[in-house]
Structures are given as structure tokens and as C-alpha cells.
Engineer: 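Once you've had a glance at the structure underneath, I'll fire off some questions.
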Amino acid sequence: MLILGMGVQAGCTVDMRNVEINLGNFYEEPPKKLPIRKFDVVVAGGGTAGVVAAIAAARQGAKTALIEVKGYPGGTIVEGGTALHSFYNLWKAFPGVKKRHVVRGIPQEIIERLLKVGGTSGHAEMSEGYDFDSVCTAIDTEMYKLVTFEMLVEAGVFVCVNTLLTGAIMDGSRIKGAITESRSGREAFYAKSFVDCTAYGDLAAYAGAEYTEPNDYPVVNSIGVGNVDIDKYYEFMKSHDAVTQLARGWRSAKDGQIVRLDGRRVNLPSGFSRGAEKIGMSMVTTTVHDNYFMFIKLNLKMPVSPTNRDEVAKAELELRRRQAKAIELFRKYVPGCEKAFIARTSPKLCIRRGRLIKCDYDISHEDVIEGRHFDDDIMAYGFHDFAPRFHVKNGGTYGIPYKALRVAGIDNLLAAGMMITSDHRAHMSTRNTVSCMGQGQATGTAAALCASKNCGTRELPYTDLRKALENADVYFES
Ligand SMILES: Cc1cc2nc3c(=O)[nH]c(=O)nc-3n(C[C@H](O)[C@H](O)[C@H](O)COP(=O)(O)OP(=O)(O)OC[C@H]3O[C@@H](n4cnc5c(N)ncnc54)[C@H](O)[C@@H]3O)c2cc1C
């Protein structure tokens, strides 16, 4: 009461919940015995990187568990993005440079499985905007969930969906176990090696790793828009001289169809472009089906990090308001979209970066744009989301080093995905889907090798990792 009174006197708004917490009003949880499950490798987070990590670990013979809070695998690749950037180098922007398929292995296998079920545009060549990416690889996000789920099971992964990772059991600087919560109760997953693919670095944070929360991107909830006509949308853009990106590929089982389209907002009718600007709507869309746009992104910059539950709640509501406004704009201004509707939204807002986890090496922007390779490369990568302003030199590739995936200060934890790389410009490259998938393959493989050798991530001989990755069709340029 005294604190509350002082706040009112000083003219501040006092949050009663904070006052109560400050008065030391806590509930002390009683200790509880948890059942233990034992594995060689535990992968936390079954998203873009985690799916590939778990398959890779299991294929190395490791007894592997995957812990995923949602009811399906996929993560942001099925909820946020448009096309998967990028399996290729930026060859089209650099005359004379050879076309190179630089990410292969399990990520490419997923695309091949999707092709068989009509779940991807394939690697469709960009005919406009190829100074940004040379190809557009669009996916049917629902088929992606199914195909990857089946691949995990085929590989022998113990897939725990609807299971939240809630803590780490430490033995000095080694993780002994991960604590999980599901409707089957609280459990302890013991393992020799761990891979954090939770995007937010939850496992690393629970394990006491160093991290920051840069909050350097807007949050997004993308919509899938149904009952639309992409060919008419293209004509509309073209008639306003607005087309900036175009690719043709497989759509509804027919080749040569528009599968990617982006446009200059400012060239479009002012009611549309001003409305779009107000709700942070980006124009780029991809599709693998007639009558469907995937996705239209609504962006919102939050004042604080997206780890703040109460601020996230406000953002979730505001993004849903923006989604409704976006549909109104499409119906009103875009021919072929008069009866458009929201066919899907993400179960929660997406973010391009949550926590930034400190690793043994931090990939710099110079590493990316100079196309540097390392003596411990685990993959090659050639896409930059700031292109054409920034791109990898001469349409080449840079290497992601193994040391960039080792969580600093923890002996048996690797990290893959959007949680690595501090420099925002470098992160605009490393965080993209195909890079995350490649990192997943490397971390899963390395974790399995460490488990079989009973060693920490820093004791693993690079030659062993390289050999295992090459045997699994991972492509290297150094
Ligand atoms: C709006 C948006 C648009 C984008 N557009 C593109 C694009 O067009 N092309 C492109 O290449 N890239 C794009 N990106 C970037 C790319 O999609 C992401 O950086 C990448 O998918 C991240 O992969 P990840 O494996 O790090 O995380 P995710 O794919 O998000 O996987 C993390 C997984 O961990 C699970 N998880 C989290 N915490 C826990 C926990 N405590 N317990 C259990 N499970 C947990 C989550 O449910 C999720 O499945 C976009 C990103 C966003 C946000």
C-alpha cells in the first residue's frame, strides 16, 4: 500500500501486479520426481532447422528425440515466409557466373519429396528481380508439415509434438537433461548431446548461456489469402508498371505458371498503397495453387523484445486487426480478389529474431559479402535478403563455420537457425530458411557424432564431421 501511495503521489500509473510481486508474494513450487527418458541426442524445436537436425542425427544412428510445442513440425518455414531462400547462388545477377546448387542433402530431399505430392513450385527461375534471388522455391505449407513428419518417423526419431521445453538440468557446464511439459506430464529427457533449434534459444537460455534480445525486426502474422486470381493480380501490377519480381514454375500441377510476384507499392492506386503502408503490408506473394496467395505479411514493430508476454498479447490483437484491413484492401482494389478471404493465419506471431545466443564464433557481414570460407565450413550459402544492395561477392558463396554453431560456455550444446549471428546485416543472410536447414543438418550430424564418441562439441574432429556431411550429399566450396 505504501508503494502504491507513493506512485499515485508522484503522478505515475502503478501496475498492481508489479506491486504485489515487489512485495515478495510468491508461490514456492514443491519439488517433484520426474520420469527420465534417455537418448543420445535431444533436438529442442521441430521447426525449419530442428526437423533437419533430428533427421540427420537419427540417420547417424543416434537415438534421437525431437521436442516441439506445436502439433506439427515446420516452424516459421510453414508460418512466416514466402519462398525458401535459397538453394542456389545468385548466378543470374552475374553474367558468366556458373549456376551452383549450393544447398543439397536433407533440405533438397525434402523438396524432392514435396515435388512428388505437388507440394512445391520446384526451384523456379526468377525472370524479373533475379538480382534478389535466382530461383523461387515455394512450398505448400500443409504438405510440408506432413512430408517432414513422415521423414522424421521414417528416420526413427522419437517425435514429441505438443510438448513444451521448460528447463535444463545442468551438470556444471554440461546439459544433463531437458525438462518438458505435455499432457502426459512433466518429464526429463536425458541425452549426451543437445541441439537448440527453438528459434528463441530457449534451451540455451535455460542452460545459462549468454544471450541478448536485439529486438531488431518487426513481428509478423502472415495470412494465406483464398479465392484470388494471381494472373489478374499480375495484370493489375503490370498495368501500373509495378512488377519487381516474377517467377514461373509448378502451380496446381501445371508448369510455367506464375508462382512468385512482388511489386512496387508506390505505383499502385494511392488508396491501396497508403492503406498497405499503414498496416505494414508487404506485396510479395508466392503460390503453388491456383486461387491462393501465400503469404501476405503484416508487420508491426514492438517497443520491446518479443519475449515479453504482455506486449506480445497486444501485438497479436493488433496484427489480427491489420489482417482484416489487408483483406479489405485486396477486395476493394485488386481485380480477381473481390471475394478474397483469409484462408489461414499463423497460430501465433512470427519473428525473424528472438534471443541472440552467444556462440564460439560470430559471423560478420564482411564474412558474408566477401564470400569467406573457413577451415571448419559445414555448408556453403549464397543468398542475402538485402540483395541487390548487399550480396555475396560475384554471385558466390560464403561458408558457415562449425564454431558459429557451438554455444559458448556449454560443453554439449549446438545451436541452429535464427538465434545465431549478431550483425543485423549478416543475420539478413544467415537467418533465411535454407541456411537454417543446412545448419540443422550440420548440428544434428555433429551432435550424433559427439554422442557416439562420448565427447563434447569442441572435441569433435572436424574431419569426421566433414566426412559424414559429404557422405550425406552436403555441398562444399572449400
Ligand atoms: C514473417 C517472416 C517472413 C520470412 N520470410 C522468409 C522468406 O520469404 N524466405 C526465407 O528463406 N526466410 C524467411 N524468413 C526467415 C525464416 O523463415 C526463419 O528465419 C527460419 O524459418 C527460422 O528457422 P528456425 O529453425 O530458427 O526457427 P523456427 O522455424 O521458428 O523453429 C523453431 C521451432 O521451435 C519450436 N519451439 C520454440 N520454443 C519451444 C519450446 N520451448 N519447446 C518446444 N518447442 C519450441 C517452435 O514451435 C518452432 O517449431 C521469414 C521469417 C519471418 C518471421
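Ligands are counted one by one from 1 in listed order, and the atoms in each one are counted from 1 as well. What you are looking at is a predicted structure, and each value in this text was computed from that prediction instead of being measured. The analysis underlying the following values was restricted to heavy atoms, covering all of them including side chains, and did not include hydrogens, waters or symmetry mates.
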Engineer: Of all the atoms in ligand 1, which lie at a distance below 4.0 Å from a heavy atom belonging to R352?
Structural biologist: 1 (C), 2 (C), 3 (C), 51 (C), 52 (C), 53 (C)
Engineer: In this structure, are over 12 heavy atoms from other groups packed under 6.0 Å from E210 atom CD?
Structural biologist: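 Count not over threshold, so no.
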Engineer: Quick check on K358: does its NZ atom have over 12 non-hydrogen neighbours (other residues, nucleotides or ligands) under 6.0 Å away?
Structural biologist: no
Engineer: Looking at T82, which atoms of ligand 1 are within less than 4.0 Å of one of its heavy atoms?
Structural biologist: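 Numbered from 1, ligand 1 contributes 7 (C), 8 (O).
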Engineer: Among all protein heavy atoms, pick out the one at the shortest distance from atom 44 (N) of ligand 1; state its residue, atom name and that distance to 0.1 Å.
Structural biologist: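 Nearest neighbour among protein heavy atoms for atom 44 (N) of ligand 1, to 0.1 Å: V69 N, 3.1 Å.
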Engineer: Looking only at the aromatic ring of each residue, does the gap between the centers of F383 and F132 stay below 6.0 angstrom?
Structural biologist: yes
Engineer: Could you tell me, atom by atom, which parts of ligand 1 come under 4.0 Å of a heavy atom of T163?
Structural biologist: 43 (C)
Engineer: In terms of atom number and element, which parts of ligand 1 are under 4.0 angstrom from non-hydrogen atoms of I67?
Structural biologist: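 Those atoms are 43 (C), 44 (N).
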Engineer: Give the residue and atom name of whichever protein heavy atom lies nearest to atom 12 (N) of ligand 1, and the separation in Å to one decimal.
Structural biologist: N432 OD1, 3.4 Å
Engineer: Check contact between L203 and ligand 1, using heavy atoms of the residue and a distance below 4.0 angstrom.
Structural biologist: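 Per 4.0 Å heavy-atom rule, L203 does not contact ligand 1.
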Engineer: Where does A49 meet ligand 1, judged by heavy-atom distances below 4.0 Å: at the side chain, the backbone, both, or neither?
Structural biologist: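 A49 to ligand 1: contacts from backbone and side chain alike.
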Engineer: Would you mind telling me if ligand 1 is within reach of the side chain of T180, the backbone, both or neither, using heavy atoms under 4.0 Å?
Structural biologist: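 The answer is neither; T180 stays 4.0 Å or more away.
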Engineer: Check each heavy atom of L165 against ligand 1 and say whether those closer than 4.0 Å belong to the side chain, the backbone, both or neither.
Structural biologist: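 It is both parts that get close, each with some atom under 4.0 Å.
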Engineer: If the test is side-chain contact (heavy atoms from CB on, under 4.5 Å), which one of Q323, R321, E318, R320 qualifies with L298?
Structural biologist: Q323
Engineer: For Y130, is the OH atom crowded, meaning more than 12 foreign heavy atoms sit under 6.0 Å from it?
Structural biologist: no
Engineer: Which protein non-hydrogen atom lies closest to atom 48 (C) of ligand 1, naming both residue and atom, and how far is it?
Structural biologist: E68 OE1, 3.4 Å
Engineer: Under 3.5 Å, N or O to N or O, is A199 touching ligand 1 that way?
Structural biologist: no
Engineer: Where the closest heavy atom to atom 7 (C) of ligand 1 is concerned, which of G75, G201, A83 has it?
Structural biologist: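 The residue whose heavy atom sits nearest atom 7 (C) of ligand 1 is A83.
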Engineer: If you draw a 6.0 Å radius around NZ in K278, do more than 12 non-hydrogen atoms from other residues or ligands fall strictly inside?
Structural biologist: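 No - once you tally the heavy atoms of other residues, nucleotides and ligands closer than 6.0 Å, there are 12 at most.
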Engineer: Report the member of A205, G47, G45 with the shortest heavy-atom distance to atom 31 (O) of ligand 1.
Structural biologist: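 Shortest heavy-atom distance from atom 31 (O) of ligand 1: G47.
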Engineer: Crowded around E277 CD? As in, over 12 foreign heavy atoms under 6.0 Å?
Structural biologist: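 At most 12 heavy atoms, drawn from other residues, nucleotides or ligands, come within 6.0 Å of this atom.
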Engineer: For residues 69-77, run the donor-acceptor check on the side chains, cut-off 3.5 Å, and write out each pair with its distance to 0.1 Å, sequence neighbours left out.
Structural biologist:
residue: K70; atom: NZ; partner: E79; partner atom: OE1; Å: 3.0
residue: K70; atom: NZ; partner: E79; partner atom: OE2; Å: 3.4
residue: Y72; atom: OH; partner: E79; partner atom: OE2; Å: 2.5

Engineer: Taking non-hydrogen atoms only, is D385 closer than 4.0 angstrom to ligand 1 via side chain, backbone, both or neither?
Structural biologist: neither
Engineer: Record the part of K297 in heavy-atom contact with ligand 1 below 4.0 Å; permitted values are side chain, backbone, both and neither.
Structural biologist: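 Within the 4.0 Å criterion, K297 contacts ligand 1 through side-chain atoms alone.
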Engineer: Take E213 and T307 through the test side chain to side chain donor-acceptor pair (under 3.5 Å) and record every step on the way to the result.
Structural biologist: CA-CA 8 Å; E213 299 186 16; T307 56; 2.6 Å; yes
Engineer: Judged by non-hydrogen atoms, does C197 sit under 4.0 Å from ligand 1?
Structural biologist: yes
Engineer: Identify, for atom 29 (O) of ligand 1, the protein heavy atom at the shortest distance, and state residue, atom and that distance.
Structural biologist: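 In this structure, atom 29 (O) of ligand 1 has T48 OG1, 2.6 Å as its nearest protein heavy atom.
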Engineer: Looking at L164, which atoms of ligand 1 are within less than 4.0 Å of one of its heavy atoms?
Structural biologist: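 Taking each heavy atom of L164 in turn, ligand 1 has 40 (C), 41 (N), 42 (N) under 4.0 Å.
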Engineer: Any atoms of ligand 1 less than 4.0 Å from a non-hydrogen atom of G417? List them with their elements.
Structural biologist: 26 (O)
Engineer: With F87 as reference, evaluate T433, D133, T137 under the side-chain contact (heavy atoms from CB on, under 4.5 Å) test and give the passing residue.
Structural biologist: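 Going through T433, D133, T137 one by one, the side-chain contact (heavy atoms from CB on, under 4.5 Å) with F87 is satisfied by T137 alone.
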Engineer: For atom 38 (N) of ligand 1, what is the nearest protein heavy atom, given as residue, atom name and distance?
Structural biologist: D202 OD2, 3.4 Å
Engineer: For atom 11 (O) of ligand 1, what's the nearest protein heavy-atom neighbour? Residue, atom name and distance, please.
Structural biologist: T433 OG1, 2.6 Å
Engineer: How far is atom 50 (C) of ligand 1 from its nearest protein heavy atom, and which residue and atom is that?
Structural biologist: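 Its nearest protein heavy-atom neighbour is R431 NH1, 4.1 Å.
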Engineer: I need the minimum non-hydrogen distance between F39 and T64, along with the two atoms involved.
Structural biologist: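 Reported closest heavy-atom pair: CD2-C, 3.9 Å.
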Engineer: Among protein heavy atoms, which lies nearest atom 26 (O) of ligand 1, and at what distance?
Structural biologist: M418 N, 2.9 Å
Engineer: Tell me the nearest of S435, A44, G81 to atom 6 (C) of ligand 1, using heavy-atom distances.
Structural biologist: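 Minimum heavy-atom distance to atom 6 (C) of ligand 1 goes to G81.
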Engineer: So does K38 have more than 12 non-hydrogen atoms from other groups sitting under 6.0 Å from NZ?
Structural biologist: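 Check fails, neighbour count at 12 or below.
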